[in-house]
Amino acid sequence: MSKAILYDATLCIDCKQCEAACAKQNNLPYDDKVAAEEVQSAHKFTVVLNKNDKYMRRLCMHCDEPACVSVCPVGALQKTALGPVTYDAHKCMGCRYCMAACPFGQPKYEWGSLNPKIQKCIMCPDRVAAGLPTACAEACPTGATKFGDRDALIQEARDRIRQNPNNYLPHIYGIEEVGGTSTLLLSSVAFEQFGLPSPKSLPSDPLPMYTYRVLSRIPDFVPLGGIFLGGVWWITHRREEVAAAEGAENDAKHNGGAR
Amino acid sequence: MKIKLTFWRVVFVVIMILGAWGTVVRFTQGLGAATNLSDQFPWGIWIGFDVLCGVMLAAGGFTLTAAVYILNIKRWHAIVRPTVLTAFLGYVLVCVALMFDLGRPYNIWHPLIMRNPHSVMFEVAYCVMLYTTVLALEFSQIVLEKFKLEKPLKFIRGALIPLVIVGVILSTLHQSSLGTLYLIMPTKLHPFWYSPLLPVFFFLSAIAVGLAMTIFESSISSKVFHRQLELPILQELGRVLYIVLWVYFVLRLEDLINRGEMHSIFVPGYEMYFFWLEIVLALIAPMILLSIRSIRNSPGGLYLSAVLVVLGFITNRLNVSITGIESWSGLHYVPKWTEYSITAAIIAVGFALFGLAVKYLPIFPEEKEHGTVAAHESATAPASVFVANAGN
Ligand code: SF4
Ligand code: SF4
């Protein structure tokens with residue numbers, strides 16, 4: 001059963017406990033300076049944003065069919081059955097296609113390093129595999145960040161919207177967006193304000209399908225292309241042979257094609 | 001040996017020094033110091049120009065070998081060798097450029113053993129690797145000929161048709177796949193350029209640029225190496241180019257209409273200017289020129305049209321990879337001097353290698369005595385060689 005993180009902005013108090021717990025979990029430095037940074041980066045996987053006292057947490061969405069995973073040529077990024085999208089630095093060659101492809105701009109890069117890694121929230125895969133909640137969910141004092149089964153969390157989010165329709169936008173961000181994600185967001189104000197792509201702008205088809213439609217033709221194309229080209233060659237050179245045999249200009253030495 | 005100081009040699013040396021400096025910055029301080037790339041803008045001109053344009057400019061290799069060996073258009077044989085040389089150098093240099101752009105270049109071989117067949121990048125990596133090998137084999141003919149190694153030569157010649165066929169298939173795949181790379185970004189790439197037809201557009205424009213580059217190169221090298229211009233061949237190439245441009249133009253127009261973009265291409269804005277720059281350079285101007293018979297048949301007219309097509313599609317690749325992404329990322333990407341200097345150095349190396357190859361190898365075999373003299377001259381003018389190569 002796949003897991004998910006539900007973040008409910010209306011319960012958030014901007015205490016940044018999740019940020020601190022995330023840094024600790026991933027062995028990243030965390031102090032007042034880092035806490036004040038309002039952007040995600042290679043050393044800050046999650047950030048709580050504040051726009052006029054409305055909050056939003058940004059983190060990897062852990063898409064069900066992630067663009068980043070599908071584009072990585074060496075399979076350094078993987079979607080695990082439980083939900084987390086993980087990263088193996090030993091495989092990575094640093095092409096940054098994952099960064100270019102992610103619709104949420106989540107993978108970040110160690111630009112200053114000579115051995116740079118992709119960095120992003122990986123949803124504490126070890127904890128999740130051990131049946132524990134993610135570090136951020138465990139640290140959250142209000143339940144704004146909650147970890148659990150995805151289906152159950154979706155149900156809970158629906159209930160919250162139904163019980164308090166005035167508190168929420170009637171939209172659970174992450175059910176449909178790019179085919180569904182393991183991070184679910186609730187908010188009272190437009191998600192776009194916080195740099196998230198507007199739900200309308202995101203297709204409900206998983207993004208990898210856009211490339212798959214083309215890539216899946218290659219296995220047919222190669223043999224057909226070969227036969228076609230071979231056939232054209234045969235026809236164009238056959239004429240010549242015939243001509244040669246008929247004693248017209250003897251061009252047979254060109255048959256191999258090379259001079 | 002006394003080395004004469006010429007203007008172009010000085011330029012060459014300056015470019016190489018700046019390139020070397022940039023290289024030091026890149027490999028001692030990392031991509032952050034060597035580029036203006038950022039988390040919002042992870043791909044810059046090393047991908048947009050060095051790789052996308054590099055591969056496109058080297059497309060003459062497969063276009064011409066297909067025409068000569070598969071379609072059996074023997075008249076064009078005289079220009080196959082310089083074109084294959086250009087393509088080979090182009091691909092080698094694309095790989096060199098990748099070593100700069102990859103954050104972990106020492107892992108460049110990883111796709112060999114770590115495979116993700118769902119990744120377009122993976123497919124491109126394989127095609128480019130295999131096609132560079134094919135080009136190396138096609139090119140090896142010329143080297144083997146020079147050193148009179150009859151046995152391997154016979155072998156290569158025997159294998160030439162299969163090699164050409166494999167080369168054409170691989171090229172079709174990766175030329176179009178460079179467009180497919182961007183299909184995963186429907187929300188990021190500006191609608192002027194995002195289209196499900198991107199792979200088709202990339203492929204068709206590669207053919208157009210392959211033809212244009214061949215015209216361009218032949219015109220230039222006829223001057224630089226004092227050879228006779230193969231005008232009748234170039235006129236034919238020009239006609240084919242004209243047709244390819246029409247096909248591309250109609251498809252592009254149809255695509256814009258289907259996606260409901262016809263209105264927005266007339267609304268002034270940043271993307272709109274670059275869009276029109278591309279369309280005028282790559283399509284409108286050369287198509288007008290090529291439609292007039294006297295221009296189409298004149299060396300100058302052909303040359304001008306070819307240059308426009310090349311510049312136009314370079315603009316197209318940069319639009320897809322840079323202009324079209326800027327508004328999503330919310331910033332203007334302007335490359336750092338190191339990004340330019342390394343790109344320039346890679347191009348300069350390409351021209352120098354082209355000059356050396358022409359000097360020492362039978363690239364233009366049909367005019368041997370003449371060629372040696374001319375080639376010698378070329379060595380004193382890397383710049384002219386500069387212009388003679390594929391832009392890579
Ligand atoms: S949000 Fe981006 S990085 Fe995270 S799983 Fe989805 S595509 Fe990958
Ligand atoms: S940068 Fe690394 S993780 Fe990202 S797509 Fe490239 S190889 Fe995969």
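In what follows, chains carry the letters A, B, and so on, assigned in the order in which the sequence lines appear, proteins first and then strands, with residues in each chain numbered from 1.
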Among the listed options [options], the residue most often paired with chain B at heavy-atom distances under 4.5 Å:
{"options": "A:R213, A:M209, A:K117", "answer": "A:K117"}
{"options": "A:C92, A:S201, A:A67, A:A76", "answer": "A:C92"}
{"options": "A:V39, A:L114, A:L207, A:L215", "answer": "A:L114"}

With a 4.5 angstrom heavy-atom cut-off, could you sort out which part of [X] is near chain A: side chain, backbone, both or neither?
{"X": "B:L181", "value": "both"}
{"X": "B:P42", "value": "both"}
{"X": "B:P111", "value": "both"}
{"X": "B:Q29", "value": "backbone"}
{"X": "B:L102", "value": "both"}
{"X": "B:W109", "value": "neither"}
{"X": "B:S176", "value": "neither"}
{"X": "B:P117", "value": "backbone"}

Q: Identify the residue among B:D255, B:L189, B:V320 that makes a side-chain contact (heavy atoms from CB on, under 4.5 Å) with B:S195.
A: B:D255

Q | Residue pairs involving residues 87-100 of chain A (criterion side-chain hydrogen bond (donor to acceptor under 3.5 Å, both in side chains); sequence neighbours excluded) | A | A:R96-B:D101

**Q.** Whether over 12 other heavy atoms sit under 6.0 Å from A:Y30 OH
**A.** yes

Q. Under 3.5 Å, is there a donor-acceptor pair linking the side chains of B:Y126 and B:R115?
A. yes

